[in-house]
Structure formats: C-alpha cells, structure tokens
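Everything numeric here is computed off the predicted structure, so don't read it as measured data.
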Amino acid sequence: MGWCMNRASLRMRFGQWVEAGLLRELDAAFACFLMDQTPEASPLAVVLAALCSGQSGHGHVCLTLPELAADPVVTLALGSAELRNVDIRALVESLAGQDVASFYRALDQADFVSDGGTSGPLVRQGPRLYLYRYWQAERRVRAAIFQRLGLDVGCDYAPERARAWLDALFPSQHAIGLDWQKLACANALDHAFCVIAGGPGTGKTTTVVKLLALLQGMALARAGSSASGLRIRLAAPTGKAAARLSTSISAALHPLQQRSEAFMQAALTMVPVAVVTVHRLLGSRPGTRRLRYHAGNRLPIDVLVIDEASMLDIEMLDAVLVALPDQARLILLGDKDQLASVEAGAVLGELCRRAAAGHYTPQRCARLEALSAQRIDSRWQDVAGTPLDQAVIMLRHSYRFDAHSGIGQLAQAVNQGDLNALHAVRDAVHTDLGFLALSGVADQHFDDLLIAGRFPMGSAVSQGLGYQDYLRIMHDSRPEGEHEQGALDAWAQAVLLAHGRFQVLCALREGPWGASGLNQRIEHHLQVAGLIQARLPWYPGRPVIVVRNHYDLGLSNGDIGVALEVPDPRAPARALIRVAFPKVDGSKGVRWVLPSRLPEVETVYALTVHKSQGSEFERVVLVLPEHNSPILTRELLYTGMTRARASLIVVTAGMRSVFDEAVRAQVRRASGLLAG
C-alpha cells in the first residue's frame with residue numbers, strides 16, 4: 001500500500017479497516033470529513049488522524065508517533081487474528097516503512113493539525129498526536145494538579161494537635177512495621193491534592209474515614225466550637241461503587257464512634273456517609289455534555305473524596321478539577337493495578353507509577369515522622385523526589401489476604417507478571433482458591449459449579465457456591481398472603497444479600513464464554529433444575545444490571561437488582577413482578593421498581609470484569625475463554641480475581657496457555673499527562 005492514493009482509494013481503505021475491526025465507523029467518518037475539508041492534506045496525515053481517533057476508542061489519550069513508526073503491531077494492539085487480514089497487514093507494512101520524521105512532516109503540513117495555539121480537530125505536541133478535546137483536558141488536568149500541589153495547606157493546623165489526633169485514631173503500633181494508614185492521614189494534612197492507593201483489603205476506606213475525622217477535628221479546633229465543620233462530599237465513578245463506599249464508611253465509622261475520646265465525637269458526626277456518582281455530583285444533564293457545576297459555578301465544598309479512582313477517565317477528572325474551588329482538597333482513592341477507565345486515560349495508574357518505591361524527600365520524611373512518630377526507612381527516600389511523589393501514599397498491607405491466602409498469592413503473581421510464581425500457586429492446594437480446566441463445552445462439572453456449588457476437587461473452596469442459594473431463599477422465605485411492606489423488604493434484602501455473595505465473571509461480552517453465552521447457559525440450567533421459570537422476559541429470580549443512569553429512579557449504570565414476585569396491593573391474591581435494588585444511601589433498604597419503568601437492563605448471571613469494577617463478592621467464578629484476545633490482560637485478571645473476598649475459582653475453557661498469555665499482556669495507555 002503506497003501513500004499516493006486518491007480520495008476514492010482512501011475511502012475504500014477506511015471501509016476495509018472498519019470491516020476488519022481496526023477502526024470504528026466513527027473513526028473512518030472523522031477521517032473522511034477531514035479529507036473532504038482539506039483535500040490538499042496528504043493521505044498519510046489523514047490515516048494518522050484516523051488511527052489517532054481509533055486509539056481513543058481503546059482508551060489512549062493520544063497516538064505516540066515514534067512508537068507507531070517503530071512497531072505498528074504493538075502500538076495498535078494487533079493480535080494474530082487481525083494480522084491475518086490482508087488489508088491490516090498492508091497498512092502495517094506501509095507504516096513500518098516510514099520514519100517518524102515523515103509522520104511529523106505530513107501532520108505539520110495538514111491544516112487540520114495545530115500545535116495547540118489555535119483550536120482545530122487535532123494537536124501535535126512533540127511525539128504525540130491528540131484529538132483536540134483530549135489534549136485540552138490533559139493540559140488542564142496537569143495544570144490543576146500541580147497548582148494544588150503548590151498550595152500550602154499545612155499551616156491550617158497545629159502540629160501538636162494533629163499528633164494527638166493521629167495517636168488517638170491509630171492507638172497501637174503496627175506489628176508489621178510502618179503503619180501506612182497513619183502515614184497517609186498525616187501526609188494528606190499537608191496536601192490540597194493527594195492520592196491514597198492500595199490493593200484489596202489494605203484499608204483505603206478505613207483510612208479515609210479517619211482522615212476525614214482528622215480534617216474535621218482540625219477545622220473545628222481552628223474555628224471554635226460554633227463552627228459547622230468542613231463541607232465534605234464523597235463520590236465514585238459508578239453507582240455500584242458509590243453504594244459500596246457508603247456501606248463501607250458506615251461500617252468503619254461505627255467502631256470509631258464506640259471507642260473514640262470525647263474530643264473526637266463532634267468531628268465523627270460530621271463525617272458524611274452519603275456517596276454519589278461523579279456525574280451526579282457535577283450535575284450531569286441527560287442528553288447533553290453540559291454540567292451544572294463548572295468553572296463559572298464551582299462546587300460548594302471544601303473536601304472531595306473520589307473512590308475507585310482507577311475508573312476515572314481524563315475528561316471526567318478534568319470536569320471535576322474545573323468545578324472544584326481553588327482551595328478545596330481533592331483526595332483520590334483506588335487500586336492503581338486495576339483496569340483503567342473504559343474511556344480515554346489511565347489517570348490513577350499514571351499518578352501512581354512511582355508510588356511503589358515512595359520517593360519521599362528527607363524533608364517530607366521528617367515532617368511525617370514528627371506527625372506520626374514513625375521512622376521512615378531510607379529505602380523509601382529520594383532527595384530528587386518530585387512534588388507529585390510527596391502527595392502519593394500506597395497502603396501496603398492487606399488485611400483481607402494474608403500470607404497463606406491463595407487469592408492473595410495469585411493476584412500478586414499476576415500483578416508482577418511472575419509466571420513461575422503463578423504456576424506454583426496454581427499447583428498448590430489452597431482453601432480459598434481453585435482451578436477448573438474444562439474438558440469441553442458441555443462440561444458437567446462447570447454446570448454443577450454454577451448451579452449447585454459442587455466442585456470436583458472437593459476442597460473447602462467449593463462450599464456454598466452456586467446460584468441456587470439466592471433462588472432457594474427467594475422460594476422458601478417469600479412472605480405468604482397479605483403482609484406489611486416491611487416483611488417484603490426484609491425478604492428482598494435477604495435475597496439481594498444472598499445473590500451478592502456469588503458472581504460469575506468473564507472477560508468477553510459475546511461468544512459461548514462471554515457474558516451473553518454464559519447468561520443463556522446458566523438460565524437454561526437453572527430452568528432445567530426447576531429453580532426458575534423463564535418463560536417470559538420478566539420472571540421471579542431474574543438478576544439484572546442497569547446499563548444506563550436513571551436518576552429519577554435513583555438508579556445508576558452498574559446497579560444490580562433481582563426480579564421478585566409480590567402481591568398486587570389492589571388484589572393480594574394476584575402476583576406482580578417488581579425489581580428489588582439495594583438502596584445506595586447506607587440504609588440497607590430496598591428500592592422497588594416496575595420493570596416497565598426501568599431503563600435499559602441486561603440479565604446478569606454472568607458479568608464482565610469491566611462491569612464488576614467497584615463491586616465485591618464473597619465468592620467468584622472467573623471464566624477465561626478458549627482463545628486469547630486483546631481484552632485479556634494482566635490488569636483484567638487482577639481486577640477479576642480481587643473482586644472475591646473469600647473464595648475464587650478460575651475456569652479455563654481452553655488451553656492453560658491462555659492464562660499465561662494474559663499475564664504477559666499489559667495495558668499500556670498512551671498519554672502525556674506527566675510529560676511536562
């Protein structure tokens with residue numbers, strides 16, 4: 001394929017690449033529009049514009065041109081299936097024959113590319129090519145973060161009072177070494193922007209509850225007893241994550257309120273429990289990109305905490321920072337190793353890329369030691385540590401997975417890409433971890449596992465698994481006849497709690513081992529077992545996930561509910577279907593919704609790992625497909641595994657090598673956020 005083709009030939013090429021799956025129709029239409037508007041632009045520049053647009057669909061903020069010139073296959077994440085396509089192979093060969101200077105020349109001569117000084121569809125900044133909206137968002141985010149890093153908020157409190165509070169909140173010396181939770185609280189006192197990162201069970205929620213109490217305590221002491229305290233808001237990217245954070249904060253607050261000293265009680269009562277989605281916080285309006293809160297109408301808050309920050313994309317964080325008052329604190333919580341956002345950007349991963357080694361300056365260490373009475377070892381210190389390094393603390397001890405936990409060992413091996421450790425964990429026997437290699441599509445062991453909880457190894461990990469648990473509670477505990485609403489609510493709560501204990505997760509949406517195929521399979525076997533009657537679309541026991549926000553109903557994308565049969569209030573002898581959802585306000589209540597009023601929903605016996613982010617389940621079955629896929633990555637495996645609190649079974653539908661190949665594959669999103 002040469003670069004001297006006419007517009008008709010180029011249009012044909014775009015159609016071929018869309019058909020082959022390299023580009024979306026949107027990307028091709030965008031490139032054709034640029035070609036029509038600037039006919040003098042070279043075909044190479046138009047193709048690079050199409051690829052840049054296509055990269056945003058894969059979560060990249062930009063297209064890194066030197067990487068594209070050096071290795072188009074890796075940069076465009078092309079697998080063996082794509083490379084078998086003659087049209088994609090021709091493109092790869094043509095790109096590989098170019099040097100990066102030719103890319104720069106073609107783009108610099110195209111009228112649709114600027115250096116950012118003027119608005120236009122695309123921006124080239126050095127080696128990176130951006131869609132203008134992502135370049136603008138990234139630039140604003142970088143400026144806003146470093147502006148906040150430069151604020152001096154450490155003068156807002158008396159160090160001796162902060163020490164007293166920290167000692168009261170963390171009364172005992174950590175037996176395992178440094179108390180990173182205490183250090184995170186001490187560190188956040190000095191920063192208007194900070195990140196608290198950590199894996200599952202490291203105590204991120206506990207830490208932030210204590211931090212908010214600490215901040216309220218310092219504010220009350222500064223302003224006097226008549227003060228109303230700081231205006232604190234809590235948010236998460238999805239409704240499910242918001243609900244879980246609300247529940248976790250309520251659980252973390254209770255023991256603190258029971259044992260805290262008198263001087264802490266007022267501050268603890270001012271720690272909020274309600275959590276909203278980021279979109280709702282900003283005042284998102286359906287059908288438009290306009291928000292209620294923006295640069296001209298700032299959020300009325302002093303402190304904002306965003307949980308599950310790995311799911312934040314670059315434009316969402318940009319909108320938050322634009323709407324945040326200049327002096328307000330922003331605290332991000334999350335696991336840097338989880339899957340990044342579906343949209344463009346991997347903000348938390350970038351902000352935390354040096355977190356594992358600390359890189360704290362001697363001055364910062366001295367400050368933290370004075371506040372926390374802990375000595376920070378030299379291995380965490382770095383005289384050349386950046387301002388961002390000082391604002392990031394990583395929690396390092398998991399209280400959920402101890403040294404003997406199979407889930408913890410497997411997650412660590414996957415996270416580190418250590419195949420030897422992975423194989424050792426897989427070959428060992430663990431009470432919380434099992435592996436099932438399927439012998440074929442109709443593997444009876446797999447169906448027994450999903451329905452009845454029978455696991456062929458007979459280990460402790462198999463106890464209590466299966467979807468029959470919540471369905472039996474639904475059948476056996478249903479209130480009969482006329483009952484108070486409270487009885488129906490209690491029954492629904494029991495069903496929802498049981499349903500939330502077990503979840504099948506998968507990597508793909510389509511195919512026999514994707515969400516669609518597994519949902520059909522599970523539904524069929526549950527019906528054969530007599531546990532459901534799925535003759536109609538809505539039937540008792542059908543679990544559904546909301547796939548579009550519906551704030552009028554108090555439902556958000558990612559909320560999971562179960563359809564239940566309840567008496568018709570106008571004729572109790574007649575039954576109606578209502579869908580029960582857990583309330584997200586921390587009350588443990590139930591929200592009943594008519595199926596006809598629901599936004600788009602999907603059956604959710606099987607859930608993709610992407611959709612599971614922000615959720616946790618007691619027991620998880622993680623199903624890997626027969627063949628490798630670009631979606632299968634180290635981050636996806638890690639995210640899926642760590643949704644499990646108590647037990648995990650990894651099911652491989654094909655060769656064991658699929659697991660190993662996924663561990664080798666890492667998500668590397670192109671960005672210039674920290675490039676200066």
Side-chain angles (χ1 to χ4, degrees), residues 1-14 17 22-24 26-78 88 90-143 314-315 318 344-345 668-676:
M1 172 186 143
W3 295 112
C4 297
M5 67 189 76
N6 59 34
R7 284 193 287 176
S9 298
L10 195 50
R11 284 180 190 277
M12 182 185 69
R13 291 287 187 181
F14 285 137
W17 295 333
L22 175 67
L23 299 176
R24 302 167 295 177
L26 172 68
D27 308 322
F30 172 67
C32 289
F33 171 78
L34 296 179
M35 185 166 54
D36 290 341
Q37 295 297 308
T38 56
E40 71 284 355
S42 72
L44 177 56
V46 176
V47 168
L48 292 172
L51 295 177
C52 180
S53 178
Q55 288 293 81
S56 70
H58 294 290
H60 300 281
V61 176
C62 59
L63 174 65
T64 307
L65 299 166
E67 292 179 1
L68 180 67
D71 196 335
V73 173
V74 171
T75 305
L76 301 177
L78 300 175
I88 292 181
L91 172 65
V92 167
E93 291 169 357
S94 297
L95 290 170
Q98 301 287 315
D99 61 73
V100 72
S102 67
F103 290 171
Y104 294 162
R105 284 193 300 271
L107 292 168
D108 293 345
Q109 292 168 8
D111 289 343
F112 54 74
V113 180
S114 76
D115 61 0
T118 57
S119 61
L122 292 148
V123 174
R124 183 172 83 83
Q125 289 272 293
R128 300 177 184 86
L129 181 65
Y130 293 85
L131 295 177
Y132 180 81
R133 58 187 274 204
Y134 292 128
W135 171 78
Q136 189 178 46
E138 185 179 87
R139 182 174 58 93
R140 282 197 301 242
V141 166
R142 180 170 57 245
I314 192 73
E315 288 192 298
D318 178 34
R668 298 187 183 278
R669 290 196 167 178
S671 165
L673 181 62
L674 301 181

Original post:
Under a 4.5 Å cut-off applied to non-hydrogen side-chain atoms, are D27 and F14 in contact?
Top reply: no
Original post:
About how many Å separate OG of S53 and CG of L48, when rounded to the nearest 0.5 Å?
Top reply: 12.5 Å
Subject >> Test item: L131 and F30 side chains (from C-beta on) under 4.5 Å apart, heavy atoms >> reply: yes
Original post:
Rounded to the nearest 0.5 Å, how far apart are OG of S102 and CG of D99?
Top reply: 4.5 Å
Original post:
Does the side chain of D36 reach to within under 4.5 Å of the side chain of R11, using non-hydrogen atoms?
Top reply: yes
Original post:
Could you walk me through whether D318 and R133 pass the salt bridge (Lys or Arg N to Asp or Glu O under 4.0 Å) check?
Top reply: CA-CA 11 Å; D318 178 34; R133 58 187 274 204; over 6 Å; no
**OP:** With rounding to the nearest 0.5 Å, note down the distance linking CG in L63 to OG in S56.
**Re:** 10.5 Å
Original post:
Tell me, do L122 and L129 make a side-chain contact under 4.5 Å, heavy atoms counted?
Top reply: yes
Original post:
So L673 and V61, side-chain contact (heavy atoms from CB on, under 4.5 Å) or not? Walk me through it.
Top reply: CA-CA 9 Å; L673 181 62; V61 176; over 6 Å; no
**OP:** Go through L76 and I88 one step at a time and tell me if the side-chain contact (heavy atoms from CB on, under 4.5 Å) criterion holds.
**Re:** CA-CA 11 Å; L76 301 177; I88 292 181; over 6 Å; no
**OP:** May I have the step-by-step check of side-chain contact (heavy atoms from CB on, under 4.5 Å) for Y134 and V123, ending in yes or no?
**Re:** CA-CA 9 Å; Y134 292 128; V123 174; over 6 Å; no
Original post:
Heavy atoms, side chains only, cut-off 4.5 Å: are Y104 and P66 in contact?
Top reply: yes
Original post:
For the side chain of S114 and the backbone of G117, is there at least one donor-acceptor N/O pair under 3.5 Å apart?
Top reply: no
Subject >> Between CD on residue E315 and CZ on residue R140, distance to nearest 0.5 Å >> reply: 9.0 Å
**OP:** Check L78 against P72 and note the closest heavy-atom contact, atom names and distance.
**Re:** CD1-O, 4.4 Å
Original post:
If you round to the nearest 0.5 Å, how far is CG of L68 from CG of D71?
Top reply: 9.5 Å
Original post:
Mind checking whether V74 and E67 have side chains closer than 4.5 Å, heavy atoms only?
Top reply: no
Original post:
What closest approach, in Å, do A670 and C62 show between heavy atoms, and which atom pair accounts for it?
Top reply: CB-O, 3.3 Å
**OP:** Taking the side chain as every heavy atom from C-beta outward, state whether Q37 and D111 have any atom pair closer than 4.5 Å.
**Re:** no
Subject >> Distance-only polar pair, side chains of E138 and S671, donor-acceptor under 3.5 Å >> reply: yes
**OP:** Kindly give the heavy-atom pair with the smallest separation between F112 and T38, and that separation in Å.
**Re:** CD2-OG1, 3.2 Å
**OP:** Could you please spell out the steps behind the side-chain contact (heavy atoms from CB on, under 4.5 Å) verdict for R13 and V47?
**Re:** CA-CA 10 Å; R13 291 287 187 181; V47 168; over 6 Å; no
**OP:** Count the heavy atoms belonging to other residues, nucleotides or ligands that lie under 6.0 Å from CZ of R24, then report whether that count exceeds 12.
**Re:** yes
**OP:** State the CG-CG distance between L95 and L51, to the nearest 0.5 angstrom.
**Re:** 6.5 Å
Original post:
Relative to the ring of Y132, is the ring of W135 parallel (under 30°), tilted (30 to 60°) or perpendicular (over 60°)?
Top reply: tilted
